[in-house]
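Residues: numbered from 1 along the sequence shown. None of these values were measured; they are calculated from a predicted model.
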Amino acid sequence: MQRKRDFVGYITMGKSTDNLRIRWAEKTDLMKLQKFFSREYNPRHIFTNKKHLKWYFADSPGSENSKFLPAVIAEDSSKKFVGFLGALPVDMWIAGKKYKCGWYANWLTAKEMRGRGIGMKIFHKMTNNYELPLAVSFSNVAYPIYPKNGWEKISQYTRLLAILDPQKAVSIAQAIYPKKNADILKNHNFLLTKGNFKIPVSQLKIVWGIPQRNAWIKAWPVIKQRFGMTTDRSWQYISWRFLKHPFLKYHFATAYDLSGNISGLAVIRVEKANSVSIARVVDIISLPQADYSLIKSVLDFAKKEKCAAIDTYLTFAGYIRAFKKFGFRNGRAWPLYLVPELFNPPAPYSLNPIRWAMLAKLDKLPKNVMPPWEERHFVKANGDRDRA
């Protein structure tokens with residue numbers, strides 16, 4: 001990763017005598033970053049794990065051959081880290097053209113240094129580095145900062161969920177919401193149905209396993225044309241994002257046509273909490289003729305794995321319609337939100353809409369280049385929503 005300037009000098013913040021340096025992080029900083037996150041979050045936070053930190057920043061596409069990390073840090077005169085903002089660099093296809101994008105991750109200022117403008121200096125240095133800066137999931141404090149600095153809302157995840165085993169779904173919901181009537185999840189109105197449509201006869205073959213590299217390289221340029229805006233899922237990206245994850249195991253459903261060409265791919269992970277499992281569809285990309293076959297195969301997989309439920313986060317209108325035809329329902333509505341989105345550990349679901357909003361700084365893009373909302377395709381695997 002090339003940087004115009006690593007060093008921007010020492011600065012004095014307000015009336016403070018603390019000399020601070022705002023700079024790009026380097027791979028040699030990884031150990032100090034572990035300590036910083038342990039101090040500011042807690043010793044069990046995922047970014048205190050060196051393997052995960054290295055995979056997420058040092059090995060990400062575009063960073064693997066650079067001494068720099070896609071992250072900006074603030075350090076005091078003793079070289080103690082007091083601020084951080086990372087980004088996941090990816091290419092984004094918008095209206096047939098590729099743009100350099102950075103998904104923001106873990107914007108943090110040390111507790112004793114807040115209120116001095118450090119965070120905003122880090123924020124602006126990061127923003128200036130990408131054609132398209134992007135962020136998803138916000139706190140009530142952070143959200144207003146983005147619009148004030150020219151960011152716009154570009155999308156909102158829809159959570160779709162299907163209950164497969166009501167008894168298991170009730171057990172995990174009761175553990176998180178002991179005062180709510182989780183038994184309502186047994187009501188047949190909330191169970192997965194087969195839908196009210198006939199699945200078209202398909203000549204596609206669904207193979208569970210890693211997609212063939214050369215077949216994917218050939219297929220992706222064709223598949224990506226379906227979307228007005230989406231992450232560039234090059235083989236390098238697929239390999240880094242799913243195959244090289246240091247801890248998580250992903251399952252792949254690949255649709256092949258009769259000629260052996262790939263028509264689509266779905267990526268699933270199974271999360272466990274105690275004795276209950278839930279399947280997450282973290283990515284799906286396909287030609288229209290492969291949608292139903294992939295979704296049906298994913299449902300069959302989740303049932304075989306004895307999952308209590310299966311969910312997915314989507315923005316593309318075509319996929320939202322397809323999943324709903326199979327009986328998936330709004331996972332943010334009562335009572336389905338009782339089935340937790342977080343299993344590590346299980347946690348209550350946030351009903352705040354900014355939790356799944358997406359914001360972007362669009363000033364570097366050509367005017368009117370953004371496609372209609374329903375053509376923008378984002379999934380849970382994008383950004384930092386499915387990293388641990």
Ionic contact status for [Y] with [X], cut-off 4.0 Å:
X	Y	answer
Lys224	Asp232	no
Lys80	Glu75	no
Arg233	Asp91	no
Lys304	Asp300	no
Arg280	Asp386	no
Glu131	Lys100	no
Lys244	Asp59	no
Asp29	Lys67	no

Taking [X] for its side chain and [Y] for its backbone only, find out whether a donor-acceptor pair lies under 3.5 Å.
X	Y	answer
Lys32	Lys79	yes
His377	Ile284	yes
Arg376	Ile154	yes
Lys364	Tyr130	yes
Arg329	Gly327	yes
Ser60	Phe57	yes
Ser38	Lys35	no
Tyr104	Leu85	no
Lys27	Glu64	yes

Inset, instruction - Quickly, which of Asp311, Leu314, Ile310, Leu336 forms a side-chain contact (heavy atoms from CB on, under 4.5 Å) with Leu160? Name it, please. - result: Leu314
We want to know whether [X] and [Y] form a side-chain donor-acceptor pair, criterion being a heavy-atom distance below 3.5 angstrom.
X	Y	answer
Ser66	Ser63	no
Asp76	Asn19	no
Glu341	Trp356	yes
Arg355	Ser137	yes
Thr312	Tyr319	no

Inset, instruction - Report yes or no: is the cationic atom of Arg159 (NZ for Lys, CZ for Arg) under 6.0 Å from the centre of the six-membered ring of Phe323, at an angle within 45° of the ring normal? - result: no
Inset, instruction - Determine, for Tyr256 and Lys205, whether the Lys NZ or Arg CZ falls below 6.0 Å from the six-membered ring centre while staying within 45 degrees of the axis. - result: no
Taking every non-hydrogen atom, the tightest pair across [X] and [Y]:
X	Y	result
Leu164	Cys307	CB-O, 3.4 Å
Leu88	Gly383	CD2-O, 3.6 Å
Phe378	Asn382	CA-OD1, 3.3 Å

Legend entry - Parallel, tilted or perpendicular: ring planes of Tyr157 versus Tyr313, cut at 30 and 60 degrees: perpendicular
Inset, instruction - Measure up the Phe47 and His45 rings against each other and bin them: parallel (under 30°), tilted (30 to 60°), perpendicular (over 60°). - result: perpendicular
Legend entry - Cluster link Leu342 to Tyr177, ILVMFWY, side chain under 4.5 Å: no
Inset, instruction - Say whether Ile206 and Leu258 are linked into one hydrophobic cluster, either directly or through other cluster members, by side-chain heavy-atom distances under 4.5 angstrom. - result: no
Do [X] and [Y] have side-chain heavy atoms sitting under 4.5 Å apart?
X	Y	result
Thr231	Trp93	no
Lys296	Phe326	yes
Leu108	Phe36	yes
His245	Tyr250	yes
Phe84	Trp107	no
Lys361	Leu132	no

Do the ring centers of [X] and [Y] come within less than 6.0 Å of each other?
X	Y	answer
Trp208	Phe301	yes
Phe328	Phe190	no
Trp55	Trp240	yes
Tyr146	Phe138	yes

Legend entry - From Met229 atom CE to Ile94 atom CD1, the distance as rounded to the nearest 0.5 Å: 4.0 Å
Inset, instruction - To the nearest 0.5 angstrom, please state how far the CZ atom of Arg269 sits from the CZ atom of Phe242. - result: 10.5 Å
